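Nothing here was measured: the structure is a model prediction, and the numbers come from that model. All heavy atoms count here, side chains included; hydrogens, waters and symmetry mates do not.
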Amino acid sequence: RYVGYEDSVVVVDHWLYVADNAGMFYCVDLNTMELVWAQDTKDDNNSSPVFEWDDQGNGYIYTAPSLHWTKNSSSKGTISIYKLNAATGEIIWETPFECSTVTDLSGGVQATPVLGREGTPLEGLIIYAVARCPSNYKGKLVALSTETGEVVWESSTGSYAWSSPVAIYSDDGKAYLFVCDADGDGKLYDGSTGERIGTISFGATVEASPVVFNDMMIIGSRAGRAYGIKIS
């Protein structure tokens, strides 16, 4: 296995968290550059980790790999979404998903998740896009309980998604999720239920992640175009 890094790091105080292409997740002390702990997440990591504090001041990391090294002879396998103890690397929970992969175009998780904002309908949820699940050209948007790892809801993304989902919070207290797929479609979901509300087409594969600022969303596509979408 080649060893490199394709996810972004998370830094909290002097602790750095990062996962590698061989399936290992690391915590490094930046003051000493010494390894604090390592946890095996079993496969190639491309999704950037997300850090969370709880009410007692305990830190946690959410991470998930793509399906690469652990696929079987039929190019199918299982990847898991993990919640790790940020201080020790201990696995708090692990939720598996069956998916498939294609050479150089991995299934599993490629995108960074949404951690639900406190005081909104997404509070207590971590939302991931899982690619090539349940089949080669399909995908799922899954909302898991941050407490237990149980699936609260899941919804089809149609074609699989490598673009990270983004949360949209409205002034009336509602929460929505928007995710773009490999067919170039962007889909809007009710964050409380996972129900798909609407779809917009960009005409080419979207791998970049959308950015939301106030009532505007900016999206870049493989067609070499950037789009500004008005949210209303």
Find out if a path of hydrophobic residues (ILVMFWY) with successive side-chain heavy-atom gaps under 4.5 Å connects [X] to [Y].
X      : Y      : result
Ile200 : Val179 : no
Ile229 : Leu188 : yes
Val50  : Val109 : yes
Met33  : Leu35  : yes
Val151 : Ile126 : yes

Point to revise | Candidates Asn45, Asn46, Asp44 - the one meeting side-chain hydrogen bond (donor to acceptor under 3.5 Å, both in side chains) with His68 | key: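 Testing each of Asn45, Asn46, Asp44 against His68, the sole residue satisfying side-chain hydrogen bond (donor to acceptor under 3.5 Å, both in side chains) is Asp44.
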
Under a 3.5 Å threshold, yes or no: a donor from one side chain and an acceptor from the other, between [X] and [Y]?
X      : Y      : result
Tyr5   : Asn21  : no
Thr199 : Asp185 : no
Thr78  : Glu98  : yes
Ser80  : Glu94  : yes

Review point. Do Lys83's NZ or CZ and the ring of Tyr60 fall within the cation-pi criteria of under 6.0 Å and 45°?
Key: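 Yes, a cation-pi geometry holds between Lys83 and Tyr60.
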
Exercise for review: Please determine if Arg132 forms a cation-pi arrangement with Tyr137, meaning its NZ or CZ atom is less than 6.0 Å from the six-membered ring centre and no more than 45° off the ring axis.
Suggested key: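 Here Arg132 passes the 6.0 Å and 45° test against Tyr137.
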
Roughly how far, to the nearest 0.5 Å, is [atom2] of [Y] from [atom1] of [X]?
X      : Y      : atom1 : atom2 : result
Ser159 : Asn136 : OG    : CG    : 11.0 Å
Asp183 : Tyr160 : CG    : OH    : 8.5 Å
Lys76  : Cys133 : NZ    : SG    : 10.5 Å
Cys180 : Lys187 : SG    : NZ    : 8.5 Å
His14  : Asn31  : NE2   : CG    : 5.0 Å
Glu147 : Leu125 : CD    : CG    : 12.0 Å

Review point. Given Thr95 and Trp93, is the side-chain contact (heavy atoms from CB on, under 4.5 Å) satisfied, shown in steps?
Key: CA-CA 7 Å; Thr95 303; Trp93 52 252; 3.6 Å; yes

Measuring only between side-chain heavy atoms, which start at C-beta, is [X] closer than 4.5 Å to [Y]?
X      : Y      : value
Val114 : Tyr128 : no
Leu30  : Val11  : yes
Val36  : Trp15  : yes
Glu195 : Ser155 : no
Pro65  : Tyr82  : yes
Leu67  : Asp43  : yes
Asn58  : Trp53  : no
Ile81  : Tyr62  : no

Practice item. Would you sort out whether Ile127 and Leu177 count as a side-chain contact (heavy atoms from CB on, under 4.5 Å), showing the intermediate values? Key: CA-CA 9 Å; Ile127 301 101; Leu177 294 157; 4.0 Å; yes

Review point. Heavy-atom count around Lys138 NZ within 6.0 Å, excluding the residue itself: above 12?
Key: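 For Lys138, atom NZ is not crowded (no more than 12 foreign heavy atoms under 6.0 Å).
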
Exercise for review: Answer yes or no: are there more than 12 heavy-atom neighbours, outside Asp171 itself, under 6.0 Å from its atom CG?
Suggested key: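 Count not over threshold, so no.
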
Check your understanding: Which word best sums up how the rings of Phe202 and Phe178 line up, parallel for under 30°, tilted for 30 to 60°, or perpendicular for over 60°?
Key ->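 Perpendicular: the ring planes of Phe202 and Phe178 meet at over 60°.
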
What heavy-atom pair brings [X] and [Y] nearest, and what distance separates the two atoms?
X      : Y      : answer
Ala38  : Tyr26  : CB-CD2, 3.8 Å
Cys27  : Ala86  : SG-O, 4.4 Å
Leu144 : Gly149 : CD2-O, 3.9 Å

Practice item. Starting from the C-alpha separation in whole Å, work towards a yes-or-no answer on side-chain contact (heavy atoms from CB on, under 4.5 Å) for Leu115 and Glu52. Key: CA-CA 8 Å; Leu115 180 61; Glu52 178 188 38; 3.8 Å; yes

Exercise for review: Determine, stepwise, if the pair Ser221 / Val206 fulfils side-chain contact (heavy atoms from CB on, under 4.5 Å).
Suggested key: CA-CA 5 Å; Ser221 81; Val206 177; 4.0 Å; yes

Exercise for review: Go through the steps for Glu123 and Arg117 under the test salt bridge (Lys or Arg N to Asp or Glu O under 4.0 Å), then give the verdict.
Suggested key: CA-CA 5 Å; Glu123 181 178 356; Arg117 184 183 295 174; over 6 Å; no

